[in-house]
Amino acid sequence: MEKKTAVVSKNANVEKKPSAVGSLFASIVIPLAIIACVLIYMFVLGNPANFEGNDPANHPLPGNYLGIVYKGGWVVPILMSLNLMVFIFAIERALTIGKAKGTKSVADFVRTISAKLNQRDVNGAIAACDAQKGSVANVAKAGLLKYREMQTETELLKAEKVAAIQKEIEESTSLELPMLEKNLVVISTIASISTLVGLIGTVLGMIKAFSALATSGAPDSVALANGISEALINTALGIIGSTIAIIAYNYFTSKIDELTYSIDEAGFSMVSTFAAQHDAANVRPQTV
C-alpha cells in the first residue's frame, strides 16, 4: 500500500520593500506646503498694492481678489496649506497607482496569464509579468514562481501545493497593498478637518462682525465688512478643500479596489489551473 507523507512547505524568502519612502515624502511635503502658503499669504495676498491707500488694513481695491482673500485672516494660510496638500498628495497617488497598474491594461494582463497557464506555459506567464511590471504583475510573478516550484515538488500532497501557492500570493499582496494605500490617510484627514478649520475661521469672522455692530453710536462699517469677509472666505476655502479631498479619496480607493480585484482574479486563476492540471497529470494507468 502506497503511503504519502506530507512535508512542511518551504516558504520563499520575500523581499520587503522600504516603507519609509511614503512617510518621508509626507514629512517633507506638509511643512513645505505650510511655509509656502504662509509666504504667499504675507507677500502676495498681503501686498499693499492690493489695497486702498497701499495699506492692508484698508479695503481691497475693487475687483482685487487677492486682497479679498487676504481679508480672511490668519486661518486662510492654514486652509490654503490643506488645499495645496490635497493637490500634491492626489498627484503623488495618481502616479503611484498608475505605475502599479503596469504598462498595459490590467484586465488584458490577467487574461494573458490565464491563457498561458492553460497552455502550460508557466515561463511565458512569468515573462508576461516581467513585461507588464507594476504591483499586480509583482504579485502574479511571485505566485507563478511558487507555481513552477510546486510543479516539480514530489513530497507534498495536492492540497499542500495549492495552499503554498495561495500563501505566496497572499504574502506578496500584503506587501504591495500598503504601498498603494500609503498617504491616503493624509487625504482622508484633510477631508475631515478642512471644513472644521473653515468653520473656525467663520466663527472668528462673525465674532469680529458682531463686535463692530456692538460699538456705541454708528457701527464700524470697515470692521463689519472685514468680519463678514473673513467668515465667508474661510467658509469657502474650507468647503473647497474638503470637497476635493473627499473626491480624491473615493477615487483612489476605488482604483485600489480594482487592482485588488485583479490580483484576486489572477490568484484564483493560478490556483484553479494548477489544481485542474495536477488532477489531469495524476489520471494515469497504475501498475500493480
Side-chain angles (χ1 to χ4, degrees), residues 2-17 19 96-182 184 252-286:
E2 184 182 4
K3 181 179 180 181
K4 295 183 179 180
T5 58
V7 181
V8 178
S9 173
K10 302 178 289 295
N11 291 333
N13 292 329
V14 180
E15 180 182 357
K16 293 191 176 182
K17 298 181 178 180
S19 59
T96 300
I97 293 176
K99 184 178 179 181
K101 290 181 179 179
T103 57
K104 65 177 184 179
S105 170
V106 176
D108 292 340
F109 168 71
V110 173
R111 284 194 293 267
T112 300
I113 294 299
S114 180
K116 294 289 186 183
L117 291 179
N118 289 331
Q119 299 168 4
R120 300 180 182 271
D121 186 8
V122 180
N123 292 331
I126 295 175
C129 293
D130 293 333
Q132 174 73 8
K133 301 179 181 179
S135 296
V136 179
N138 291 341
V139 175
K141 183 177 180 179
L144 289 169
L145 291 175
K146 179 62 68 173
Y147 187 106
R148 187 172 60 183
E149 177 185 342
M150 291 297 102
Q151 282 183 322
T152 58
E153 179 63 58
T154 59
E155 297 179 345
L156 300 180
L157 301 173
K158 171 189 168 182
E160 293 173 319
K161 294 179 181 180
V162 171
I165 297 174
Q166 289 176 329
K167 184 176 181 181
E168 187 69 22
I169 294 173
E170 291 172 359
E171 289 179 349
S172 300
T173 302
S174 66
L175 293 177
E176 293 290 340
L177 283 183
M179 184 269 294
L180 297 177
E181 296 174 349
K182 190 175 291 293
L184 280 183
F252 292 126
T253 300
S254 66
K255 291 299 180 182
I256 293 173
D257 290 340
E258 290 178 6
L259 292 178
T260 304
Y261 175 78
S262 299
I263 291 174
D264 293 340
E265 186 179 1
F268 176 77
S269 176
M270 288 182 209
V271 171
S272 59
T273 303
F274 181 87
Q277 293 180 355
H278 185 280
D279 291 338
N282 288 338
V283 178
R284 299 175 182 172
Q286 295 186 358

Should [X] and [Y] count as side-chain neighbours, where that means a heavy-atom distance under 4.5 Å?
X	Y	value
Leu180	Ser135	yes
Lys101	Val136	no
Lys116	Val122	no

### Task
Would you confirm whether Glu153, through its side chain, and Glu155, through its main-chain N or O, come within 3.5 Å as a donor-acceptor pair?
yes

### Query
Short question: side chain of Glu171, backbone of Ala142 - any donor-acceptor pair under 3.5 Å?
no

By side chain to side chain contact (heavy atoms under 4.5 Å, CB included), which residues pair with [X], not counting sequence neighbours?
X	answer
Lys104	Phe109, Thr112, Gln132
Leu145	Ile126, Lys141, Arg148
Thr173	Val139, Ile169, Leu177, Ile263
Lys133	none

Counting only pairs under 3.5 Å, give me each side-chain donor-acceptor contact of residues 264-276, with atom names and distances, residues two or more places apart or in other chains.
unit_1: Ser269; atom_1: OG; unit_2: Ser114; atom_2: OG; d: 3.4
unit_1: Ser272; atom_1: OG; unit_2: Phe268; atom_2: O; d: 2.9
unit_1: Ser272; atom_1: OG; unit_2: Ser269; atom_2: O; d: 3.2
unit_1: Thr273; atom_1: OG1; unit_2: Ser269; atom_2: O; d: 2.7

### Message
Suppose the criterion is ring pair (Phe, Tyr, Trp, His ring centres under 6.0 Å): which pairs have a residue in residues 117-145, not counting sequence neighbours?
### Response
none

### Message
I need the full list of ring pair (Phe, Tyr, Trp, His ring centres under 6.0 Å) pairs touching residues 152-177, with sequence neighbours left out, sorted by first then second residue.
### Response
none

### Query
Between atom OG1 of Thr152 and atom NZ of Lys161, what is the distance when rounded to the nearest 0.5 Å?
8.0 Å

### Query
Got a second to check how far Glu170's CD is from Leu175's CG, nearest 0.5 Å?
12.0 Å

Which heavy atom of [X] sits nearest to which heavy atom of [Y], and what is that distance?
X	Y	result
Ala125	Leu117	CB-CD2, 4.5 Å
Met150	Leu156	SD-CD1, 4.0 Å
Ile165	Gly143	CG2-O, 4.2 Å
Ala128	Ile113	CB-CD1, 4.2 Å

### Message
Between Asn138 and Ser172, is the side-chain contact (heavy atoms from CB on, under 4.5 Å) condition met? List the steps.
### Response
CA-CA 8 Å; Asn138 291 341; Ser172 300; over 6 Å; no

### Query
How far apart are the C-alpha atoms of Leu184 and Ile256, what are their side-chain angles, what is the distance that settles it, and do they pass the side-chain contact (heavy atoms from CB on, under 4.5 Å) test?
CA-CA 11 Å; Leu184 280 183; Ile256 293 173; 3.5 Å; yes

### Message
As a quick check of understanding, evaluate salt bridge (Lys or Arg N to Asp or Glu O under 4.0 Å) for Lys146 and Glu149, giving each step before the final call.
### Response
CA-CA 5 Å; Lys146 179 62 68 173; Glu149 177 185 342; 3.4 Å; yes

## Note on the structure
Residue set satisfying side-chain hydrogen bond (donor to acceptor under 3.5 Å, both in side chains) with Asp108, at least two apart, ordered chain then number -> Arg111

